[in-house]
Amino acid sequence: MRFRPGAAVLAASVLAAALTGCSLFAEQQTQQPYDPSDGISITVGDVRLLNALVFTDDGQDGNFTASAVNGGSADVDLVLQYVSGGDKIEVQLPIPAGEILRVGSGESGQLFLPEIASAPGSLLKIYFQYGDRPGTQAEIPVLDAELEEYKGLLPTPTPTPTPRPTQTLIPGETLAPTDPATSETPAP
């Protein structure tokens, strides 16, 4: 048996060319848009929401977080609508024209979503729409704050004020000033 180096080199070249051709015509994944973090991206008209997530600890109430970019020339009141217990719940998000807004954290504070009825690890269907623009529905990941980078993103409902006792004025009597720290009237 004789070894033919020219034939082996030719066969290897033909095989390499055939395998290279497979990737030549294949669609490149680097050209496909994707969301590199835990959240998703949504586009409605001139508004783009990046890395949209909902945080909850008990699955009852949520905090919607995202970066909102309004590329238009007009302010937008984006409406987030979801269903809870058969009822539609709407939350408005004002986004100034030409600005990037951090929603749900930082200086803007949280975007509280009451009664989401979605446990951590699930997806919450939210419909996004503003003005007369066609809206879009997206399934937003619902997370808890177990990871260090998500600390402080759980929802905190707006506290309801505690009523202060009122004083009744009896004719001929003057009111003593109240101490706001204790809401009690000092003894005369």
Side-chain angles (χ1 to χ4, degrees), residues 25-164:
F25 298 107
E27 186 176 357
Q28 299 298 312
Q29 288 300 312
T30 56
Q31 300 300 314
Q32 300 301 315
Y34 73 101
D35 295 309
S37 188
D38 294 331
I40 66 166
S41 298
I42 303 119
T43 301
V44 179
D46 293 326
V47 174
R48 182 136 169 92
L49 298 171
L50 306 169
N51 199 26
L53 292 165
V54 174
F55 289 93
T56 186
D57 57 346
D58 58 5
Q60 297 304 310
D61 296 323
N63 177 28
F64 178 83
T65 65
S67 292
V69 180
N70 183 352
S73 59
D75 293 351
V76 166
D77 286 327
L78 185 68
V79 175
L80 287 69
Q81 183 183 78
Y82 58 96
V83 176
S84 177
D87 296 326
K88 288 183 182 179
I89 298 176
E90 290 186 355
V91 176
Q92 273 198 354
L93 173 61
I95 307 171
E99 291 196 23
I100 300 173
L101 179 67
R102 254 180 101 181
V103 180
S105 65
E107 291 179 16
S108 66
Q110 68 177 354
L111 185 61
F112 187 72
L113 303 179
E115 304 173 23
I116 62 169
S118 297
S122 66
L123 299 171
L124 176 61
K125 288 184 182 182
I126 300 179
Y127 182 75
F128 300 87
Q129 197 271 332
Y130 72 90
D132 59 354
R133 299 290 179 122
T136 187
Q137 183 169 318
E139 293 183 329
I140 309 300
V142 179
L143 302 176
D144 57 20
E146 289 294 316
L147 296 175
E148 186 63 33
E149 58 267 26
Y150 295 144
K151 298 289 184 207
L153 294 177
L154 290 175
T156 53
T158 306
T160 53
T162 306
R164 292 180 40 184

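Taking both residues in full, the closest heavy atoms of V103 and A68 are given as CG2-CB, 4.1 Å, listed atom of the first, atom of the second, then distance. Nearest heavy-atom pair across G39 and P141 is CA-CG, 4.4 Å. Across every non-hydrogen atom of V83 and K88, the tightest pair is CG2-CG, 4.3 Å. Between D75 and P96, the closest heavy-atom pair is OD1-CA, 3.5 Å. The two residues A97 and G72 have their closest heavy-atom pair at CB-O, 3.6 Å. Nearest heavy-atom pair, Q92 versus P94, reported as atom, atom and distance to 0.1 Å: O-CD, 3.9 Å.
Side-chain atoms of E139 and I40, non-hydrogen and from C-beta on, never get closer than 4.5 Å to each other. Side-chain contact between L113 and V91 is present, with at least one heavy-atom pair separated by less than 4.5 Å. I140 is not listed as a side-chain neighbour of L123, based on a closest heavy-atom distance of 4.5 Å or more. The shortest distance between side-chain heavy atoms of T65 and F55 falls below 4.5 Å. For the pair D46/V76, no side-chain contact is recorded, criterion being any heavy-atom separation below 4.5 Å from C-beta on. In this structure the side chain of L50 reaches within 4.5 angstrom of the side chain of V69, judged on heavy atoms. When side chains are defined from C-beta on, Y82 does not count as touching D87, because their heavy atoms never get closer than 4.5 Å.
Shown are I126, V54, L124; of these, the side-chain contact (heavy atoms from CB on, under 4.5 Å) with L80 is made only by I126. Tested against R48, the residues I100, T43, N70, I42 include a single side-chain contact (heavy atoms from CB on, under 4.5 Å) partner, T43.
Looking at D61, its side chain does come within 3.5 Å of a backbone N or O of E115 through a donor-acceptor pair. Side-chain atoms of Y130 do not come within 3.5 Å of backbone N or O of G135 as any donor-acceptor pair. Judged purely by atom type and a 3.5 angstrom limit, N51 has no side-chain atom pairing as donor or acceptor with the backbone of A66. Side-chain atoms of S122 do not come within 3.5 Å of backbone N or O of P120 as any donor-acceptor pair. In this structure, K151 contributes its side chain and A145 its backbone to a donor-acceptor pair below 3.5 Å. Formation of a donor-acceptor pair under 3.5 Å by the Q110 side chain with backbone atoms of T156 is found in this model.
One finds the CD1 atom of I116 at 15.0 Å from the NZ atom of K125 (value rounded to the nearest 0.5 Å). Note that CD of Q81 is 11.0 Å distant from CZ of F128, once rounded to the nearest 0.5 Å. Once rounded to the nearest 0.5 Å, the distance linking CD1 of I95 with CG of L49 reads 6.0 Å. Between the CG atom in L93 and the CD atom in E90 there is a gap of 13.0 Å [rounded to 0.5 Å].
R102 and S67 form no side-chain donor-acceptor contact under 3.5 Å, judged by distance and modelled atom types alone.
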What do the steps show when you test D144 against Y150 for side-chain hydrogen bond (donor to acceptor under 3.5 Å, both in side chains), and what is the final call? CA-CA 8 Å; D144 57 20; Y150 295 144; over 6 Å; no
